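Beneath this line is the structure, given in C-alpha cells, with notes to follow.
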Amino acid sequence: MTTTDMPRKVETGPGRAVLKKRSSGAATGGLRRAVPATTLLWVLAALYGVPVLWFVLSSFKPAGDLFSLPLTLFPTNPTVSGYEAAWDSANFSQYFINTTIVCVIATILTVGVSCCTGYALAKYDNKWLKFFFICILATTMLPSEVMLAPQFLVVRDLGLYNSLAGIILPAVLTATGCFMFRQFFLTVPDELIEAARIDGAPELKIFLRIMVPISRPIMLTLAILSFQWRWNDYIWPLLMLNDPEKFTVQIGIQSLVGAQNINWSVLLGGSVISMVPLIVVFLVFQRYVMNADINAGLKD
C-alpha cells in the first residue's frame, strides 16, 4: 500500500471546536438581530389587524350593542341578522355579477396592455418611447378627481354612458402597471433576447414565448392589484351608472345607507360580504406574487 492509499485522519483538535463555537456564535447573533425586527413586524401587524378584527366582530353584534358602553371587542350575543338584512335589502347577487364582469375583463385588459407597454418601454431604444414613459408617469402626479370630468365627457361622447363598458375602458391603461412591467423587463438580460433573435425567432414570438412566461409573477401581482382596484372603485361607477340593475357592489353598499339614519349592523354586514371575494382571490394567488427566476434561461 502506498502513502497515497493511507486513510486520512479526521481533524478533531481545537480547530474543529473553534469552528463549532463560531457557528454557534453566528447563529446566536443572527437570532438576536432578528428579534427586534420580528417584534416590530408583530406590532405593526397588530396595529393593522386589530381594527379589521374589531370591524368583522362588530358585524355580528346587534345594532343596539354597537355603541353600548363600555365598548367590547367580542359580541356578547352574536347574530347574523345584519348579514341577512343586508342581503335581503340589496340585490347583492346582481351586484356581484356586475362587479365580477367589470373586474375580470378590466384585469385581463390591464395586464395585457401593461405587459406590452412595459416590454416596449424597456427593450426598445427610442427617444419618443422615453418621452411617452415620462408622460405616463406624469399622470400619477394628478389626483384622480382631476381626470373625472374629461373622462366622463369622452365616455359619454362614445355612447358608453350607463354601461359596464364605460367603467372598464378608462381603467385599462394604468401608470402603475406599465411601470411595474418596465422595471421587471429591465432586469431581464438582453442576451436572452439576442440569443432568440440569432436563432431566427421573430419579435412577436420572442415576446409571447419568452418574455410573457417569465413575467408571470408580475402579471399575477398586477392582476391581484387591478382586481382589488376595480372591486373597491366607487366614484367612477357612481358617475357612470344610473340603472340599479347595473350597479356594482360598492354602489350597492352605499344604497344601504338611509337618508335620515344609518343601520350600522346592516352596513357592517354588507361591507364584510363585499370583502369575501378579495380575500379569496388573494389567498388563492398569494404564493405566485413576486416569485420570479429571472435568469432561468441563461447559463453562466
Side-chain angles (χ1 to χ4, degrees), residues 51-66 75 77-112 144 148 151-152 155-156 159-172 174 220 222-286:
V52 176
L53 180 62
W54 192 304
F55 164 72
V56 174
L57 293 177
S58 297
S59 65
F60 293 98
K61 295 180 181 179
D65 295 345
L66 288 173
N77 299 311
T79 178
V80 294
S81 59
Y83 292 90
E84 296 175 352
W87 189 267
D88 294 336
S89 60
N91 191 6
F92 267 101
S93 58
Q94 185 63 43
Y95 298 159
F96 274 117
I97 294 174
N98 297 337
T99 311
T100 302
I101 293 174
V102 171
C103 292
V104 171
I105 297 178
T107 297
I108 294 174
L109 294 177
T110 298
V111 172
S144 58
L148 290 178
Q151 284 182 355
F152 178 82
V155 173
R156 184 198 62 182
L160 299 177
Y161 178 73
N162 194 29
S163 65
L164 298 181
I167 304 176
I168 295 172
L169 291 182
V172 170
T174 62
L220 291 173
L222 181 60
I224 293 174
L225 294 177
S226 178
F227 192 92
Q228 178 184 357
W229 295 336
R230 307 309 158 222
W231 191 275
N232 291 328
D233 195 6
Y234 170 72
I235 298 296
W236 183 245
L238 182 65
L239 291 176
M240 289 301 303
L241 303 175
N242 58 16
D243 185 1
E245 294 297 323
K246 298 179 181 178
F247 281 176
T248 58
V249 170
Q250 303 306 323
I251 305 178
I253 294 176
Q254 188 271 340
S255 65
L256 298 176
V257 179
Q260 302 296 330
N261 58 353
I262 301 175
N263 191 334
W264 289 102
S265 178
V266 176
L267 183 60
L268 290 175
S271 300
V272 173
I273 292 174
S274 69
M275 292 169 51
V276 173
L278 293 179
I279 297 175
V280 172
V281 169
F282 179 78
L283 292 178
V284 170
F285 294 104
Q286 65 172 340

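Predicted model, so just to flag it, every value in this text is computed and none were measured.
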Q. Which atom names give the shortest non-hydrogen contact between Pro170 and Ala165, and what distance separates them?
A. CD-O, 4.3 Å
Q.
Counting neighbours of CH2 on Trp229 that are heavy atoms of other residues, nucleotides or ligands and sit closer than 6.0 Å, is the number greater than 12?
A. yes
Q.
According to side chain to side chain donor-acceptor pair (under 3.5 Å), who are the partners of Thr79, at least two apart in sequence or on a separate chain?
A. Ser81
Q) Quick one: ring pair (Phe, Tyr, Trp, His ring centres under 6.0 Å) partners of Tyr161, sequence neighbours excluded? A) Phe152
Q. Got a sec, which residues hit side chain to side chain donor-acceptor pair (under 3.5 Å) with Ser271, two or more places apart in sequence or on another chain?
A. none
Q | Reported CG-to-CG distance for the pair Leu283 and Leu278, which is rounded to 0.5 angstrom | A | 11.0 Å
(Q) Just so I know, are the side chains of Thr248 and Asp233 near enough to count as touching, which here means a heavy-atom distance under 4.5 Å? (A) no
Q: Kindly write out the residues that satisfy side-chain contact (heavy atoms from CB on, under 4.5 Å) with Gln250, not counting sequence neighbours, or none if the list is empty.
A: Trp231, Asn232, Tyr234, Ile253, Ser274
Q. Under the ring pair (Phe, Tyr, Trp, His ring centres under 6.0 Å) test, which residues partner Phe60, sequence neighbours left out?
A. Tyr83
Q: Output the distance between atom CZ (Arg230) and atom CG (Leu225), rounded to the nearest 0.5 Å.
A: 10.0 Å
Q: Measure the spacing between CD of Gln228 and SG of Cys103 and express it to the nearest 0.5 Å.
A: 10.5 Å
Q.
Suppose we screen for side-chain contact (heavy atoms from CB on, under 4.5 Å). Which residues come up paired with Ala223, at least two apart in sequence or across chains?
A. Thr107, Val111
Q. Just by distance, with hydrogens left out, do Asn162 and Asp243 show a side-chain donor and acceptor under 3.5 Å apart?
A. no
Q) Who passes ring pair (Phe, Tyr, Trp, His ring centres under 6.0 Å) against Trp87, sequence neighbours left out? A) Phe92
(Q) If you define the side chain from C-beta out and look only at heavy atoms, does anything of Pro244 sit under 4.5 Å from Phe247? (A) yes
Q.
Please enumerate all residues that pass side-chain contact (heavy atoms from CB on, under 4.5 Å) together with Leu57, with sequence neighbours excluded.
A. Leu53, Leu73, Phe74, Pro75
Q.
Quick check against the 3.5 Å criterion: does Ser226 have a side-chain atom that pairs as donor or acceptor with the backbone of Leu222?
A. no
Q) For the residue pair Gly269 and Ala86, what are the closest heavy atoms and their distance? A) C-CB, 4.4 Å
Q: Tell me, please, which residues at least two apart from Asn98 pass side chain to side chain donor-acceptor pair (under 3.5 Å).
A: Gln94
Q.
So, taking the atom named CD1 in Ile167 and the one named CH2 in Trp236, what distance separates them when rounded to the nearest 0.5 Å?
A. 9.0 Å
Q.
Please find the pair of heavy atoms, one from Thr99 and one from Tyr95, that lie closest to each other, and give the distance.
A. OG1-O, 2.7 Å
Q: Would you check if Leu169 and Val155 make a side-chain contact, meaning some heavy-atom pair closer than 4.5 Å?
A: no
Q. Rounded to the nearest 0.5 Å, what separation is found between the CG atom of Leu164 and the CG atom of Leu241?
A. 6.5 Å
Q) Does Asn91 have any side chain to side chain donor-acceptor pair (under 3.5 Å) partners at least two apart in sequence or in another chain, and if so, which? A) Ser93
Q: Hey, could you give me the CD/CE distance between Gln151 and Met240, rounded to the nearest 0.5 Å?
A: 10.0 Å
**Q.** Test side-chain contact (heavy atoms from CB on, under 4.5 Å) applied to Val276 - qualifying residues, sequence neighbours left out
**A.** Val280
